[in-house]
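As structure tokens, the structure follows; a few thoughts come after it.
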Number of protein chains: 2
Amino acid sequence: MSAFEKTFRERGISLTSSRLALFSVLEKARGHLTVDEILSRARKKDRTLGLATVYRTLNLLCALGLIEKHEFPNMEATYERVSETEHHHHHIIDVRSGAITEFSADELDVVLEKIAAAYGYKMQGHKIEIYGEKIILDEASPKGKV
Amino acid sequence: MSAFEKTFRERGISLTSSRLALFSVLEKARGHLTVDEILSRARKKDRTLGLATVYRTLNLLCALGLIEKHEFPNMEATYERVSETEHHHHHIIDVRSGAITEFSADELDVVLEKIAAAYGYKMQGHKIEIYGEKIILDEASPKGKV
DNA sequence: TATTTATTGAGAAAGATTATCATTCTCAAT
DNA sequence: ATTGAGAATGATAATCTTTCTCAATAAATA
């Protein structure tokens, strides 16, 4: 039984064939998926799956903390499974290609909690995004600025 | 002459009455403004200002680095003047009220540059968001979990 | 002031997400 | 296995934000 299915059973939330098809897609996938990718992959398992159900289920899974939604500037929204074993991570966004690289920085997380506390807040979540461009060594015609 | 106007002159970009009206709104405003707030305030100066022009001008100012666009989850996009004197800052978002608090953390910026470099990136920008709820002392009926 | 080009406003269009609603499905209790 | 109540679904309409189109206008330069 999948981790998603387990959570649904524990919470007494209905398990439907639509949801099982989506669970399978999201649990198998590596990295970030757009809504259209999720829909088309899940339709291979459940031919009649509707777009509205995809959105509803993604919202439900986000609310349960089983997946995360990412919205980077000028990109389609993507969804990603929250790993039970791996640590929370953040993202480097390549401003040229849109490529996403993940990194962890638990020591930063601690600093952010302290900042939140200093302003009278209990931190519940946080997000760090780095925008940059890949450093290319041995580039034929360097563009200066380095 | 406003800082925005100065930049436009230096770069040889046309100064129109639409743009001047928007400059005035954005330079006077404290904090974050939505597109509708910007439009309605600017219409007091330029009665015929159109929505498309607001979007076009905001995009232009973002590209010039004179303002920043912020898109927090489940909230309308907002725009904020980039100060020439104050440091780059980040945001704490109150998950209950949506209130935004700003904080600076230059020491974190340095750490992020190093992380970027470790992954082969030259950092060009970054974003830190803390989500949390206000700690209320002396609350009549605490909700546990503390 | 004339000329050239960029900018504008209005509305259409696009894209993403949510709402509506009649039908279908799930699941606990029979 | 069957049933019944409520939850979930798919199709599509509706909404919301942002961009596009294009004829008319305004800005900058000569």
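Just so we're on the same page: letters track the sequence lines, and every chain starts at 1.
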- Message: Checking B:T57 now: which residues fulfil side chain to side chain contact (heavy atoms under 4.5 Å, CB included) with it, not counting sequence neighbours?
- Response: B:R19, B:L22, B:T53, B:L61
- Between atom CD of B:E113 and atom CD1 of B:I115, what is the distance when rounded to the nearest 0.5 Å? 11.0 Å
- Looking at CG of B:D94 and CD1 of B:I100, how far apart are the two atoms once the value is rounded to the nearest 0.5 Å? 8.5 Å
- Message: Please verify the inter-ring angle class for B:F23 with B:F4; under 30° counts as parallel, over 60° as perpendicular, anything in between as tilted.
- Response: perpendicular
- Query: Any luck finding a side-chain donor-acceptor pair between B:D106 and B:S104 under 3.5 Å?
  - Reply: no
- Not counting sequence neighbours, list each pair that qualifies as a ring-ring contact (aromatic ring centres under 6.0 Å, His included) and has a residue in residues 55-77 of chain B. B:H32-B:H70, B:H70-B:F72, B:H70-B:H91, B:F72-B:H91
- Message: Going 5' to 3' along DNA chain C, between which two nucleotides do contacts with chain A fall, using a heavy-atom cut-off of 4.0 Å?
- Response: C:dA16 to C:dC27
- NZ/NE/NH1/NH2 to OD/OE distance under 4.0 Å, A:R96 and A:E133: yes
- Query: With a 4.5 Å heavy-atom cut-off, do A:I67 and A:E80 have their side chains touching?
  - Reply: no
- Query: With respect to B:S24, which candidate in B:E5, B:K44, B:K45 satisfies the side-chain contact (heavy atoms from CB on, under 4.5 Å) definition?
  - Reply: B:K45
- Nearest-Å distance, CZ (A:F8) to P (D:dA7)? 15 Å
- Take B:I13 and B:N74, find for each the nucleotide of DNA chain C with the closest heavy atom, and name the residue whose nucleotide sits nearer the 5' end. B:I13
- More than 12 foreign heavy atoms under 6.0 Å from CD of A:E84: is that the case here? no
- Item | Positions of residues 15-28 of chain B (non-hydrogen atom under 4.0 Å from DNA chain C), listed by number | B:T16, B:S18, B:R19
- Let me see the working for A:Y131 and B:Y121 under ring pair (Phe, Tyr, Trp, His ring centres under 6.0 Å), right down to the final yes or no. CA-CA 9 Å; A:Y131 299 88; B:Y121 278 89; over 10 Å; no
- Query: Got a sec? Which of residues 44-65 of chain B come in under 4.0 Å of DNA chain D, heavy atoms?
  - Reply: B:L51, B:A52, B:Y55, B:R56, B:N59
- Message: Below 30° counts as parallel, above 60° as perpendicular, anything between as tilted: where do the rings of A:H126 and A:H88 land?
- Response: perpendicular
- the helix from C:dT1-D:dA30 to C:dT30-D:dA1: angle between end helix axes, five pairs per end, rounded to 10 degrees: 40°
- Query: With no hydrogens and no angle check, do the side chains of A:S83 and A:T85 hold a donor and an acceptor under 3.5 Å apart?
  - Reply: yes
